[in-house]
There are 2 protein chains.
Amino acid sequence: MADPLYRKIAEDLQRKIESGELEPGQRLPNEEDFRNEYAAARNTVREAIRWLTQRGLVETRPGQGTFVIRRLEPIITTLSADPETGMAGGEGQAAFTEIRRQRERKRELREKARQEREASGEKPSEAETLEIPEGEPRAMPPTVELSFAPGYVAERLRINEGDDVVSRHQQFYIGKTPWSLQTTWYPLALADGGATALTRPRDIEEGAVEYLRKTIGLTQCGYRVRILVRPPNKTEADFFKLPDDGRVQVLSLIRTGYTSTPEFTRGENSPYPFRVTFTVLPADRNQFVFNSGDYPEEIAAPARDSEIASGQQA
Amino acid sequence: MADPLYRKIAEDLQRKIESGELEPGQRLPNEEDFRNEYAAARNTVREAIRWLTQRGLVETRPGQGTFVIRRLEPIITTLSADPETGMAGGEGQAAFTEIRRQRERKRELREKARQEREASGEKPSEAETLEIPEGEPRAMPPTVELSFAPGYVAERLRINEGDDVVSRHQQFYIGKTPWSLQTTWYPLALADGGATALTRPRDIEEGAVEYLRKTIGLTQCGYRVRILVRPPNKTEADFFKLPDDGRVQVLSLIRTGYTSTPEFTRGENSPYPFRVTFTVLPADRNQFVFNSGDYPEEIAAPARDSEIASGQQA
DNA sequence: GCAAATTTGTTCGTATGTATT
DNA sequence: CAATACATACGAACAAATTTG
């Protein structure tokens with residue numbers, strides 16, 4: 001036990017949290033109580049709480065106290081294209097339908113788990129303590145901006161930095177909970193060439209890909225998605241109401257759409273990019289799925305981190 | 001300016017880091033220097049440094065000092081199946097070939113950027129400061145364990161908790177840098193049915209999927225991948241040498257393989273799961289890509305977080 | 001290889017500020 | 001407005017890790 005005092009305190013509390021002795025949402029004793037319980041200075045107690053905060057086990061609220069984190073039920077987005085619509089998850093209204101179905105199913109599972117548990121007299125399972133956000137998924141109206149392509153957009157659209165582009169930005173919510181931020185960039189030439197709805201701040205009901213096919217005959221021949229994790233910027237931290245301590249990162253999706261329609265490949269070899277979408281979601285409550293070949297409809301229950309973790313040993 | 005003092009200090013340093021005034025790898029003044037520079041107590045300076053640490057901008061090393069973080073060149077794993085081999089990224093030796101190619105290309109790009117920069121006399125670009133780990137990708141020999149299915153495995157293999165399973169665990173490195181941990185679980189029945197290599201602690205050269213097809217006629221009809229982000233457990237933090245402050249999370253991949261070969265669907269409707277793989281990688285140096293349809297061979301340069309971030313505004 | 005110097009890490013005590021009930 | 005609880009800030013001392021001489 002060469003562990004410093006604050007770590008001993010933290011690990012003691014961690015044990016209590018993970019064993020369920022302290023339940024999600026429950027208030028911990030205040031700093032003065034801990035000072036007595038562990039015979040430590042207040043600063044040392046605060047170090048311990050900070051260590052737990054950093055690992056996402058507790059959160060502190062000024063004037064209220066320290067609380068065991070209530071984890072959020074993850075929202076699962078399917079990234080592979082739906083064979084029927086050709087639309088991938090996160091695109092258009094299809095995503096909303098999927099989320100509604102997920103939430104309904106999870107509420108059922110949770111209720112079932114609760115009943116079984118009460119019958120057997122055990123303590124609540126983890127699945128039961130996950131918080132399901134209230135409300136329906138919805139999209140704010142898009143905002144549209146005509147501007148010049150920044151480097152990271154130009155590179156992906158294979159145009160020159162500073163070329164005319166149109167960007168469509170949209171915010172998504174689940175009830176009152178912010179869910180995702182999304183910005184899609186198109187060369188302005190597409191709008192000039194007849195796809196004028198790209199520059200209107202209104203939803204494109206049939207989806208932009210279908211709209212481009214219909215109006216200017218541009219068909220998407222494929223797409224590529226890049227997935228990465230990074231710290232949120234200030235805009236994102238504000239929008240998602242992420243804690244100030246930088247503990248929650250964001251998942252960033254970069255989706256590039258390609259076409260092989262000759263008019264849009266600039267004489268180069270196709271496939272050529274015609275749009276790029278940046279989507280950002282908080283990493284603590286979103287998961288992705290993608291499928292290949294034949295697979296069952298049903299998706300397994302939410303991955304339980306702690307258990308998987310323990311199976312990770314050599 | 002209602003900002004507390006430690007935040008003012010932190011934001012001042014953040015500005016210096018992001019402007020390039022303080023370069024990656026550079027040592028910052030020590031705490032005593034900052035104490036004088038900002039007329040603050042040592043603890044207040046330490047709060048500022050802690051704030052920067054949490055956001056991944058600096059790291060502290062006892063006895064040495066505080067340093068601007070050198071970010072790692074991300075390793076990109078393609079998750080969609082290779083149309084030729086049917087193997088998806090992270091599976092078998094194919095992943096290594098891809099990584100070698102990536103690294104070669106990035107070294108070239110970096111060298112090119114450096115020459116252009118020196119010609120123009122500007123300051124180093126971000127791409128140039130990213131650290132490329134030394135050495136070749138390699139796999140440690142697998143370890144094999146015969147055990148009973150834990151709940152989270154049983155659920156995904158649609159067997160009963162406690163049923164006999166074989167788990168194959170493997171560690172991957174790039175040079176001396178730990179890259180990923182992976183555990184794959186199969187029902188032991190597959191090995192009993194003739195696929196005996198599953199229980200041997202040796203690489204299956206042709207890949208397990210091909211091996212199962214060859215030996216017992218089990219074909220994979222599809223698969224599903226789940227992607228999530230979570231804090232590392234102790235095993236993972238040790239293996240990846242992640243900082244003790246919990247700042248770096250891990251990407252967790254859960255890949256379930258399905259078969260429709262009648263002997264292996266237990267009389268139920270196919271597709272039926274026959275294996276599940278858990279892969280864990282540090283989230284600060286790994287990215288995923290997947291493709292659909294026709295897409296260009298070439299992958300765009302690594303996503304530059306900070307720039308994308310600024311494009312995220314409404 | 002060891003001792004000294006340097007630098008961050010841990011712990012204590014105390015006072016005051018700010019958010020919430 | 002008062003009470004409660006966490007947040008910020010100061011000062012001080014000793015411990016542990018690392019580098020330097």
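Please read all numbers here as calculations on a predicted model, not as lab measurements.
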For B:Arg42, all residues meeting side chain to side chain donor-acceptor pair (under 3.5 Å), sequence neighbours excluded:
B:Glu31

Applying salt bridge (charged side-chain N to carboxylate O under 4.0 Å, His left out) to B:Glu37 and not counting sequence neighbours gives B:Lys16

Got a sec, which residues hit side chain to side chain donor-acceptor pair (under 3.5 Å) with A:Asn36, two or more places apart in sequence or on another chain?
none

With sequence neighbours excluded, what pairs up with A:Glu32 under the side chain to side chain donor-acceptor pair (under 3.5 Å) test?
A:Arg35

Hey, does B:Leu5 reach any base, or is it just sugar-phosphate, or nothing, if we go heavy atoms under 4.0 Å?
sugar-phosphate

Range on DNA chain C touched by chain A - first to last nucleotide, heavy-atom distance under 4.0 Å
C:dT10 to C:dT21

Quick one: ring-ring contact (aromatic ring centres under 6.0 Å, His included) partners of B:Tyr6, sequence neighbours excluded?
none

List the residues meeting salt bridge (charged side-chain N to carboxylate O under 4.0 Å, His left out) with B:Arg285, not counting sequence neighbours, and say none if there are none.
none

My understanding is that only residues two or more places apart in sequence, or in another chain, count here; which of them pass salt bridge (charged side-chain N to carboxylate O under 4.0 Å, His left out) with B:Arg7?
A:Asp244, B:Glu11

Among residues 35-48 of chain A, which residues get a heavy atom nearer than 4.0 Å to DNA chain C?
A:Ala39, A:Ala40, A:Ala41, A:Arg42, A:Asn43, A:Thr44

Quickly work out the B:Glu32 CD to D:dC10 P distance and round it to whole Å.
13 Å

The criterion is salt bridge (charged side-chain N to carboxylate O under 4.0 Å, His left out); which residues satisfy it with B:Asp245, sequence neighbours excluded?
B:Arg247

Contact residues, residues 56-68 of chain B to DNA chain C [heavy atom, < 4.0 Å]:
B:Thr60, B:Arg61, B:Pro62, B:Gly63, B:Gln64, B:Gly65, B:Thr66

If you look at every strand shown and take non-hydrogen atoms under 4.0 Å, does B:Arg27 touch a base, only sugar-phosphate, or nothing?
sugar-phosphate

For B:Arg15, all residues meeting side chain to side chain donor-acceptor pair (under 3.5 Å), sequence neighbours excluded
B:Asp12

